[in-house]
Amino acid sequence: MARKSVIQREKKRQKLEQKYHWIRRSSKKEISKVPSLSDKWEIHGKLESLPRNSAPIRLHRRCFSTGRPRANYRDFGLSGHILREMVHACILPGATRSSW
């Protein structure tokens, strides 16, 4: 299980990203429409003044139950080994175990 502080930090990043999403999006659209380079630099300065953790690239998808940052399946929101345990316990409907 991931540390609680790491999970809370990730939640804080998600809130910041949602808060500044429209500002970031509109600034990027403005940059593409403005022809002069000096105006583009001004808009880019506004983008740089936003908090770093508000950038969507800093978000990391984590397992819903354990908070594990790797091997996550987007469809389920679970990491691979938790997903496998749930399939073996017949908790997930429609999922079949692989056997060879």
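For the numbers below, each heavy atom of this structure counts, side chains included, while hydrogens, waters and symmetry mates do not. Computed from a prediction, not measured in an experiment: that's the story for all the values here.
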Check residues 16-23 and write down every donor-acceptor pair under 3.5 Å in which the side-chain atom is one partner and the other belongs to a residue at least two apart or another chain.
from  : atom 1 : to    : atom 2 : distance (Å)
Glu17 : OE2    : His21 : ND1    : 3.4

Partner set under side chain to side chain donor-acceptor pair (under 3.5 Å) for Asp39, not counting sequence neighbours: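 With sequence neighbours excluded, Asp39 shows a side chain to side chain donor-acceptor pair (under 3.5 Å) to Ser36, given in chain and number order.
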Shortest non-hydrogen contact between Lys29 and Ser32, atoms and distance: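 Here Lys29 and Ser32 meet closest at O-OG, 2.7 Å.
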Whichever hydrophobic residues join Ile7 through chains of side-chain contacts under 4.5 Å: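 So far as hydrophobic clustering goes, Ile7 is joined with none.
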Ile82: hydrophobic cluster co-members (side-chain, 4.5 Å):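 Listed partners: Phe64, Tyr73, Phe76, Leu78, Leu83, Met86, Val87, Ile91, Leu92.
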Scan the side chains in residues 54-63 for donor-acceptor partners under 3.5 Å anywhere in the protein, sequence neighbours excluded, and list what turns up.
from  : atom 1 : to    : atom 2 : distance (Å)
Ser54 : OG     : Arg24 : NH2    : 2.8
Ser54 : OG     : Pro51 : O      : 2.6
Arg58 : NE     : Arg52 : O      : 3.4
Arg58 : NH1    : Asn53 : OD1    : 3.2
His60 : ND1    : Pro69 : O      : 3.4
Arg62 : NH1    : Gly67 : O      : 2.5

Enumerate donor-acceptor pairs with a distance under 3.5 Å from any side-chain N or O in residues 41-49 to protein atoms, sequence neighbours excluded.
from  : atom 1 : to    : atom 2 : distance (Å)
His44 : NE2    : Glu48 : OE2    : 3.2
Ser49 : OG     : Lys46 : O      : 2.6

N-O pairing of Glu10 and Arg13 below 4.0 Å: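 Looking at Arg13 together with Glu10, the answer is yes, because their closest N to O distance falls below 4.0 Å.
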